[in-house]
Amino acid sequence: MAMTNVQEMSMNGEQPPAEYIVKESRFGSIDSSPPLADEIPIIDISLFSPSSPQYSEQAENHELQKLRSALSSAGCFQATGHGISDSLLDQVREAAKQFFALPVEEKEKYSRTIDGGFEGYGNDVIVSDKQVLDWSYRLILRVFPQDQRKLHLWPQIPNDFGEMLHEYATKIKLMMGLVFKAMAKSLNLEEKSFATQLLGDQSLMQARFNFYPPCSRSDLVLGVKPHTDRSGVTCLLQDKDVEGLQVLIDGKWVRVPIVPHAIVLNLGDQMQIMSNGIYKSPMHRVVTNGESMRLSVALFNEPDPETEIGPVEDLIDETRPRLYKNVKNYGRINYECYQRGEIALETVKI
Ligand SMILES: O=C(O)CCC(=O)C(=O)O
Ligand SMILES: [Fe+2]
């Protein structure tokens with residue numbers, strides 16, 4: 001299948017070619033404006049930190065309740081009180097914008113074909129000729145462990161890109177630590193129940209910068225097809241102006257609103273496994289916009305491939321038997337399933 005140039009087609013207002021057109025899907029048709037999600041609350045995560053000035057036990061308990069209810073239904077929430085400054089968030093968005101605005105030849109210097117792996121700039125990896133392609137480009141970079149960075153794939157333009165990504169990812173990692181503790185607390189578990197595996201020394205963090213050019217037929221294509229993240233947890237910085245993310249809740253798509261300065265936190269499959277299915281890894285997708293481009297920056301956390309994960313023992317009992325096997329390298333399982341068109345979580349069920 002010849003690789004088409006989404007950006008060129010977008011600029012010329014061309015009709016999307018057949019390989020981008022979403023035919024029927026078991027997840028329903030494309031609707032760019034379904035209802036807003038009531039189930040996705042705004043949670044002030046500073047209330048999980050006893051050292052914060054707003055902290056009180058009562059306020060924390062209230063927020064923990066909200067957390068538990070959000071993660072067991074929607075599998076995501078909007079985090080405020082994360083302590084990351086607006087100016088840094090804007091800098092991250094701005095760096096992404098500048099990178100994607102570079103001429104194609106410039107971006108190709110960081111192409112994922114250079115190393116032949118997953119990292120770098122590009123669009124969908126084609127694994128089957130039946131595949132429907134996403135109307136988007138992405139830049140994927142491993143940020144942690146630090147010694148695994150492929151710096152030759154990190155953009156030089158803007159020139160503070162590397163510094164910015166390091167600073168942002170370091171802050172997000174701290175935030176994840178706080179959220180993992182709160183998640184454990186919300187399930188009456190020991191504080192370290194998730195963090196030990198998910199935030200160990202060799203744990204991974206992958207950055208994915210997503211760029212969605214406008215599409216004249218946004219009713220026919222998707223920026224990202226329905227999927228669950230393979231991660232433990234994903235922190236997503238949405239575009240400041242253009243919506244696009246939708247989450248499937250109780251079989252219905254809902255829009256995730258833009259909340260200025262909030263970071264969308266959604267769980268990935270590995271957290272669904274560790275929580276023995278109590279917390280959900282939500283199915284989500286991205287619709288394109290007829291007029292405006294959209295950007296987002298996702299940071300995915302996961303354990304190192306050698307670390308075994310499985311349901312936390314205290315979440316298994318007679319009323320809730322173990323739902324998942326223990327697994328290592330879920331990233332690989334997920335990729336192999338993707339190639340075969342299977343759902344990875346289903347294959348690790350007992
Ligand atoms: O662009 C978005 O809002 C979400 C992107 C996403 O789901 C992903 O990168 O896994
Ligand atoms: Fe995702």
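Atoms within each ligand, like the ligands themselves, are counted from 1 in listed order. We're numbering straight along the sequence, starting at 1.
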query: Who pairs with K240 by salt bridge (Lys or Arg N to Asp or Glu O under 4.0 Å), at least two apart in sequence or on another chain?
result: D90
field: salt_bridge(R294, D241) N-O dist < 4.0 Å
entry: no
Per-ligand residue contacts, ligand 1, heavy-atom threshold under 4.0 Å: R208, N210, Y212, H227, D229, L236, L245, H284, V286, R294, S296, F300
statement: Atoms listed for the Fe ion (ligand 2) (protein only, N, O or S, under 2.8 Å, no waters) are H227 NE2, D229 OD1, H284 NE2
- request: Please determine if R322 and E313 form a salt bridge, counting it only when a charged side-chain N lies under 4.0 Å from a carboxylate O.
  value: yes
task: Examine the side chains of N210 and S136 and answer whether a donor and an acceptor come within less than 3.5 Å of each other.
output: no
statement: Members sharing V224's hydrophobic cluster, built from side-chain contacts under 4.5 Å between Ile, Leu, Val, Met, Phe, Trp and Tyr, are I40, Y212, L236, L245, V247, I249, V254, V256, V264, V286
message: Taking I21's backbone N and O only, do any of them form a donor-acceptor pair with W135's side chain (distance below 3.5 Å, no angle check)?
response: no
field: Full working for salt bridge (Lys or Arg N to Asp or Glu O under 4.0 Å) between K225 and D124
entry: CA-CA 11 Å; K225 289 179 290 297; D124 273 336; 3.6 Å; yes
Aromatic F144 / basic K173 pairing, under 6.0 angstrom, 45° off normal: yes
message: Less than 3.5 Å apart, any donor N or O on the side chain of Y168 or Q91 sitting next to an acceptor on the other?
response: no
